[in-house]
> 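Take a look at this one; I'll ask things after.
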Amino acid sequence: MSEKLVVVTGASSGFGAEIARQLSALGHPLLLIARRAERLEALNLPKTVCRTVDVSDRHSFERAIREAEMLFGDTDCLINNAGVMLLGDIEKQNPSEWEQMFSVNVLALMHGMQIVLDNMKHRRSGTIINVSSLAGRKTFEHHAAYSGSKFAVHGISETVRWEVAPYNIRVITVSPGAAETELLGHTADANIKQEYLDWKEQIGGVISASDVAKSVVFAYQLPQDVCVREIVIAPTRQQN
Ligand code: NDP
């Protein structure tokens, strides 16, 4: 088998599903992870293992990766894409939403890296792609906890990149601006949600999941000794 195993978390919708489609078209065997199994199966991709995993459960995350590795060989690339955005006013927001965001957006991403890094170090090859956000580089109203979680992704990714660079392992951070996915759907506050939708319309629309996926695949396809450290990709008309 020439193309190597790629693990994509959050592959049941949005960026993850598009990344899976594009990598599959290039011949990669895949492990697709999310909680909605039927959405993973509906992608109907060849050489693909779909696993219902909540990435905040380290044990099932690791078990899925080891199972896929038994079938397809070592993980060449882990794409930590699973994420939640629950916008809210810090004074009113249910703290369980902060916990969920830090658990999925930050801790699960660290668990994912720990699961695959040892083997990558031995092989002196591998790629980790962490999906952050423009909200991981600058702040936006009602984004306190989300933005905090994504700033953490930047700090963690850059530190780990520095640490594993001598082992020829790439750590790439991708920071999209506003894009059309299911992400906003989970925000509970109807007013905040509406403001966001109005803003999207005001700037004349947002970018597609497919365009973001293309940038991820582009960075991965470059030779192993070339590391695109960060990609910031946003709608041209998005000013902030
Ligand atoms: P979607 O909501 O469409 O996708 C999020 C994915 O994450 C889904 O597949 C969801 O699957 C998965 N997910 C969420 N929680 C868990 C969990 N506990 N365990 C496993 N999987 C989980 O949104 P996007 O495609 O937009 O989001 C992908 C990434 O991009 C996120 O990290 C997001 O923060 C980031 N991003 C998005 C932007 C945008 O404008 N869309 C802008 C900047 C960054 P399921 O529900 O089936 O578990």
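Only heavy atoms go into these numbers, but all of them, side chains included; no hydrogens, no water, no symmetry mates. Computed from a predicted model, the values in this text were never measured in an experiment. For ligands, and for the atoms within them, numbers begin at 1 and follow the listed sequence. In this chain, residues are counted from 1 in sequence order.
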> Please could you name the atoms of ligand 1 that Ala11 approaches to less than 4.0 Å, counting only its heavy atoms?
9 (O)
> In this structure, does ligand 1 have an atom that sits under 4.0 Å from one of the heavy atoms of Ala178?
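It does, in that a heavy atom of Ala178 comes within the 4.0 Å cut-off of ligand 1.
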> Which atoms of ligand 1 are found less than 4.0 Å from any heavy atom of Asp54?
17 (C), 18 (N), 19 (N)
> Who's the nearest protein heavy-atom neighbour of atom 40 (O) of ligand 1, and how far?
Ala179 N, 2.9 Å
> What atoms of ligand 1 come within less than 4.0 Å of a heavy atom belonging to Val131?
29 (C), 30 (O), 35 (C)
> Quick check on Ser132 - does any of its heavy atoms sit under 4.0 Å from an atom of ligand 1?
yes
> Taking only heavy atoms of Ser133 into account, list the atoms of ligand 1 that are under 4.0 Å away from them.
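Under 4.0 Å from Ser133, ligand 1 has these atoms: 43 (C), 44 (C).
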> Could you check Tyr220 against Asp76 for side-chain hydrogen bond (donor to acceptor under 3.5 Å, both in side chains), going step by step and ending with a plain yes or no?
CA-CA 10 Å; Tyr220 177 48; Asp76 187 53; 2.5 Å; yes
> Give the atom numbers and elements of ligand 1 that come within less than 4.0 Å of a heavy atom of Gly14.
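Close to Gly14: 3 (O), 25 (O).
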> Students should be able to answer this: which protein heavy-atom is nearest to atom 1 (P) of ligand 1, and at what distance?
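That would be Ser13 OG, 3.4 Å.
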> Show the numbers, then the answer: is there a side-chain hydrogen bond (donor to acceptor under 3.5 Å, both in side chains) between Asp198 and Gln202?
CA-CA 6 Å; Asp198 293 345; Gln202 254 171 42; over 6 Å; no
> Measuring from non-hydrogen atoms of Gln100 to any atom of ligand 1, is the shortest distance under 4.0 Å?
no
> As a quick check of understanding, evaluate side-chain hydrogen bond (donor to acceptor under 3.5 Å, both in side chains) for Glu158 and Thr173, giving each step before the final call.
CA-CA 8 Å; Glu158 180 54 16; Thr173 310; over 6 Å; no
> Which of the listed options, Tyr196, Phe61, Tyr146, holds the heavy atom that is closest to atom 34 (O) of ligand 1?
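Of the listed residues, Tyr146 has the closest heavy atom.
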> Would you call Lys121 and Asp118 a salt bridge, using N to O less than 4.0 angstrom?
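Looking at Lys121 and Asp118, the cut-off is not met.
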> Can a salt bridge be assigned to the pair Lys47 and Glu3 using a cut-off of 4.0 Å between side-chain N and carboxylate O?
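A salt bridge is absent here (no side-chain N lies under 4.0 Å from a carboxylate O).
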> Would you tell me which option among Leu183, Leu184, Leu40, Ile207 has the nearest heavy-atom contact to atom 38 (C) of ligand 1?
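Heavy atom nearest to atom 38 (C) of ligand 1 belongs to Leu183.
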> So which heavy atom on Val106 is nearest to which on Ala152, and how close?
CG2-CB, 4.0 Å
> Considering Leu109, Leu134, Thr181 one by one, which has a heavy atom nearer to atom 24 (P) of ligand 1 than any of the others?
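Minimum heavy-atom distance to atom 24 (P) of ligand 1 goes to Thr181.
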> Any nitrogen or oxygen of Ile33, main chain or side chain, under 3.5 Å from a nitrogen or oxygen of ligand 1?
no
> Give a yes/no verdict on whether any heavy atom in Thr9 is under 4.0 Å from an atom of ligand 1.
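Under 4.0 Å: no for Thr9.
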> Using a 4.0 Å heavy-atom threshold (strictly under), name the region of Lys150 that reaches ligand 1: side chain, backbone, both or neither.
side chain
> Find all atoms of ligand 1 within a distance of less than 4.0 Å from any non-hydrogen atom belonging to Val104, and give their numbers and elements.
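It comes down to these atoms of ligand 1: 15 (N), 18 (N).
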> Considering only the protein, which heavy-atom contact is closest to atom 43 (C) of ligand 1, and what is its distance?
Pro176 O, 3.1 Å
> Could you tell me whether Asn81 approaches ligand 1 through its side chain, its backbone, both or neither, with non-hydrogen atoms closer than 4.0 Å?
both
> Considering heavy atoms of the protein only, find what lies nearest to atom 46 (O) of ligand 1 and give residue, atom and distance to 0.1 Å.
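It is Arg35 NH2, 2.9 Å.
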> So is Ala17 touching ligand 1 or not, going by heavy atoms under 4.0 Å?
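Under 4.0 Å: no for Ala17.
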> Taking only heavy atoms of Gly83, which atoms of ligand 1 are found under 4.0 Å from at least one of them?
5 (C), 7 (O), 14 (C), 31 (C), 32 (O)
> Of Val164, Asn168, Ile128, which meets side chain to side chain contact (heavy atoms under 4.5 Å, CB included) against Met120?
Ile128
> Decide whether the shortest distance between a heavy atom of Val53 and an atom of ligand 1 is less than 4.0 Å.
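The answer is yes, since Val53 has a heavy atom less than 4.0 Å from ligand 1.
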> How far is atom 13 (N) of ligand 1 from the closest protein heavy atom, and which atom is that?
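Checked against all protein heavy atoms, atom 13 (N) of ligand 1 sits closest to Ala82 CB, 3.9 Å.
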> Just need the protein heavy atom nearest to atom 19 (N) of ligand 1, so name the residue and atom and give the distance.
Val55 N, 2.9 Å
> To the nearest 0.1 Å, how far is atom 10 (C) of ligand 1 from its closest protein heavy atom, and which atom is that?
Ser12 OG, 3.8 Å
> Of the protein's non-hydrogen atoms, which lies at the shortest distance from atom 42 (C) of ligand 1, and what is that distance?
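Result for atom 42 (C) of ligand 1: Gly177 O, 3.1 Å.
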